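Notes follow once the structure below has been shown.
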Protein chains: 2
Amino acid sequence: MHKLGTLQAGPCSAAERRKDIWVTASSRRRIPEATVARLPLYYRALMETGERQVATISSERLAELAGVNAAKVRKDLSYLGSYGTRGVGYDVEYLLHEISRELGLTRDWPVAIVGIGNLGRALANYRGFGARGFRVEVLIDADPALVGHQIGDLSVVSIDDLDRVVREHNIAIGILATPAGAAQEVADRLVAAGVTSILNFAPAVCSVPEGVSMRKVDLAIELQILSFYQLRRGTGGTAPPRERTG
Amino acid sequence: MHKLGTLQAGPCSAAERRKDIWVTASSRRRIPEATVARLPLYYRALMETGERQVATISSERLAELAGVNAAKVRKDLSYLGSYGTRGVGYDVEYLLHEISRELGLTRDWPVAIVGIGNLGRALANYRGFGARGFRVEVLIDADPALVGHQIGDLSVVSIDDLDRVVREHNIAIGILATPAGAAQEVADRLVAAGVTSILNFAPAVCSVPEGVSMRKVDLAIELQILSFYQLRRGTGGTAPPRERTG
DNA sequence: CCGAGCTTGTGCACGCGTTCTCAAAGTGTG
DNA sequence: CACACTTTGAGAACGCGTGCACAAGCTCGG
């Protein structure tokens, strides 16, 4: 039986915990979660714009590129500070710098992938981690037949060495691509080894202690959600959901 | 230039469009988007419970298994109808049936994957589409060197035949795993061929016309969000986000 | 048949996020 | 310098989703 209590534990939910704390030196106000989730969109849009030698960009144009509306862009950016100039727009270069600083993309994040199956292998080879800073440095698997196997320029390490390797590479971000059954145990071991951010691809509910963040990407769930709306579509109603950003 | 206007277009947003419509025969009330996103969690939890020959389950237990809280479970399930018995709980078998009907999992959905790179290949081989009903029937790529190549028991089809093949297989759900640059064009072609649900893995903003739904899964963005909170963690604050369900 | 003990279903209050709207603040021209 | 035009930044209203709290309803034992 897993210890599930910590996940969204009843009376002391995340929403309650972070009330007025969370005003760090770098950010004037607390940045809403929804805004954080959109910053990468702005970042990407600005990167593309920057390559075209455009010096300044309006909230309207940026909104168009990021696929949101202009009011949202302005409010989001205002959380970072007043980086725009009225009547002109935002300085692309400067805004890019501020956002990447805010997102921690000026740093380099070493990443470990645990579970080198179909998905893990694909992630290991995936060049498109967009704005780099995320360097996959460690591949871990439980299957002895895989250990030592070369993928790209990395070789797969046994899960027995998880703790050591994660510590040696100073890894803070782990990617979980194991089967559902192993997810919770691997998550626990990652956390024990000092990992404080986990991206979980395993189709399983999985809990982490306070102070560790975890985001879940579940293909089956995404398909099932699509299926729900797909089903209604034929039978009369219009489909509500367009795109998800959160 | 892509036609971006349709995405979350200003004054006529999705939120405004689906006001009081959306009460289909199968569902007594309009089911909130957030609830729809959690139904697959309940579905999975119930499947595991059902295998253990448990006849009935309380909202509390189901909440624990799904990683949410009990009040939410009850409210969510009440949108489907009053399928529980006070003092007893929910009949596992029956609830399972109702949820899978609601999610359209009683049907079979043929799926096409476009873009057979690292990720596309992994998805093609991925057995874990959980509760099946989602059968990958078509693999499409633009690279002539890949066309005809066998993956599992499917062979890759040229993108020139996209329209024909999608129609022949009666495909309603498409998975987009192309590079960013090709995403919008491929999405347009899928829609033109009759696809009305798209799961988009390409790291690009991409719009679809009204009546088509699209969900986006973006690895780079997920990592950047983790990075944001990871960054703060060291410098004093506690980390707000635990797990995402939406 | 009654009362104790559970468990569901829902009304209600609250908080977050979105959008509208408009004053404030910049640019450029004559 | 004044005026027209552009664009940001934020105050306010609204709607959705969450969680609490409790009445309604079921089971079981005596």
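All values reported here derive from a predicted model rather than from experimental measurement. A note on names: the letters A, B, ... follow the listed sequences, proteins ahead of strands, and every chain is numbered from 1. Heavy atoms only: backbone and side chains are in, while hydrogens, waters and symmetry mates are out.
Side chain of A:Glu33, nearest nucleotide from D:dT7, C:dG17, D:dG19: C:dG17. Looking at the side chain of A:Ala34, the nearest of the listed nucleotides C:dC12, D:dA10, C:dT18 is C:dT18. Side-chain proximity of A:Arg74 to D:dG17, C:dT21, C:dG9: nearest is C:dT21.
For the pair B:Lys72 NZ and D:dG17 P, the computed distance is 11 Å after rounding to whole Å. Taking atom NZ of B:Lys75 as the reference point, atom C1' of D:dC16 lies 12 Å away to the nearest angstrom. The CD-C1' distance, from A:Glu60 to C:dT19, rounds to 14 Å in whole Å. Rounded to whole Å, the distance from CZ on B:Arg86 to P on D:dC28 is 17 Å. Between the CD1 atom of A:Ile31 and the P atom of C:dC16 there is a distance of 15 Å, rounded to whole Å. Across the protein-nucleic acid pair, B:Arg61 atom CZ and C:dC6 atom P stand 18 Å apart, rounded to whole Å.
Comparing A:Val88 and A:Asp76 along DNA chain C, the residue whose closest nucleotide (by nearest heavy atom) sits nearer the 5' end is A:Asp76. Comparing B:Gly87 and A:Gly87 by the nucleotide of DNA chain C that holds the closest heavy atom to each, the one mapping nearer the 5' end is B:Gly87. Along DNA chain D, the nucleotide closest to B:Thr35 and the one closest to A:Ile57 are compared, and the more 5′ of them pairs with A:Ile57.
Electrostatic pairing of A:Arg232 and B:Glu102 counts as a salt bridge here, judged by a charged N lying under 4.0 Å from a carboxylate O.
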After noting the C-alpha distance and the side-chain angles of A:Glu185 and A:Arg189, does the key distance pass the salt bridge (charged side-chain N to carboxylate O under 4.0 Å, His left out) rule?
CA-CA 6 Å; A:Glu185 196 205 319; A:Arg189 296 179 68 168; 3.7 Å; yes

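Side-chain contact annotation: A:Arg233 with B:Ser213, donor-acceptor N/O pair under 3.5 Å present.
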